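In what follows, chains carry the letters A, B, and so on, assigned in the order in which the sequence lines appear, proteins first and then strands, with residues in each chain numbered from 1. Nothing here was measured: the structure is a model prediction, and the numbers come from that model.
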Amino acid sequence: NAGVMQNPRHLVRRRGQEARLRCSPMKGHSHVYWYRQLPEEGLKFMVYLQKENIIDESGMPKERFSAEFPKEGPSILRIQQVVRGDSAAYFCASSPGTDRSNEQFFGPGTRLTVL
Amino acid sequence: EDQVTQSPEALRLQEGESSSLNCSYTVSGLRGLFWYRQDPGKGPEFLFTLYSAGEEKEKERLKATLTKKESFLHITAPKPEDSATYLCAVRDYGGATNKLIFGTGTLLAVQP
């Protein structure tokens, strides 16, 4: 009964490189969320996806960031041309998709360090 | 705009010393208040969901309560293993989104 899986757990990139973060939701969950946690700050919502659809991307920067959740395979958060300010912990969460019991369960996170 | 404020920022307790953490919120229409526990270097672990004022939920030494403006997480006779950051989050009725708005957390340290 695996929980939400994220990989890699740690990622180091140099400024200008691309970062790809992957998230596999819990079994039976069709909704995926990405959050970012900066040092000394709370978790901030970035994007909410269902299979092949972006439902809410109001928290995602307009440039360099993109997300997808294809029909097959994990959800991907992609950051192009990374800058030092992108260094943070990125968490993925999933939920089953029904309204009342729509608790979000989080993965262990990917810690991105930009040199 | 939705807001979540948690207090205190940090709390140090002796083992067995009960206390409460506070989460004040402002939303247009509450569609769930969530409590999570986060250990260093790990993802948030789901604890409770509360939906309406007057609702209470318990799990071991933790009890969460909800009013129209705030929620409390009561910790009874805490143990060192209860040391963690406790996060509160809300979800409101804004459109089709299920996004959570988080507070900055309360860092709890329980000393033996």
Under 4.5 Å between side-chain heavy atoms, hopping through other hydrophobics if needed: is there a path connecting [X] to [Y]?
X: A:L11; Y: A:Y90; answer: yes
X: A:V47; Y: A:V4; answer: no
X: A:F65; Y: A:I55; answer: no
X: B:L11; Y: B:I75; answer: yes
X: A:V32; Y: A:Y35; answer: no

What about A:F45 and B:F102, are their ring centers closer than 6.0 Å?
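When the ring centroids of A:F45 and B:F102 are compared, they turn out to be at least 6.0 Å apart.
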Contact class of A:Q37 relative to chain B, heavy atoms under 4.5 angstrom
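Side chain only.
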Might you point out which heavy atoms bring B:T104 and A:G42 nearest each other, and give the distance in Å?
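Minimum heavy-atom separation between B:T104 and A:G42: CG2-N, 4.0 Å.
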Pair A:E103, B:F46 - check side-chain contact (heavy atoms from CB on, under 4.5 Å), show working.
CA-CA 8 Å; A:E103 288 91 5; B:F46 172 76; 3.2 Å; yes
Select one option (side chain, backbone, both, neither) describing which atoms of [X] are under 4.5 Å from chain A's heavy atoms.
X: B:I101; value: neither
X: B:Q6; value: neither
X: B:K99; value: both

Heavy atoms of other groups near A:Q81 CD, more than 12 under 6.0 Å:
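Incorrect, the count does not exceed 12.
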Are more than 12 heavy atoms from other residues, nucleotides or ligands located less than 6.0 Å from atom CD of B:Q3?
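Not more than 12 within 6.0 Å, no.
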Please assess B:Q38 against A:F91 for the test side-chain contact (heavy atoms from CB on, under 4.5 Å), listing each intermediate value before the final yes or no.
CA-CA 12 Å; B:Q38 187 174 25; A:F91 292 97; 3.5 Å; yes
Stepwise, does the side-chain contact (heavy atoms from CB on, under 4.5 Å) test hold for B:L100 with A:Q104?
CA-CA 9 Å; B:L100 298 181; A:Q104 296 178 23; 3.6 Å; yes
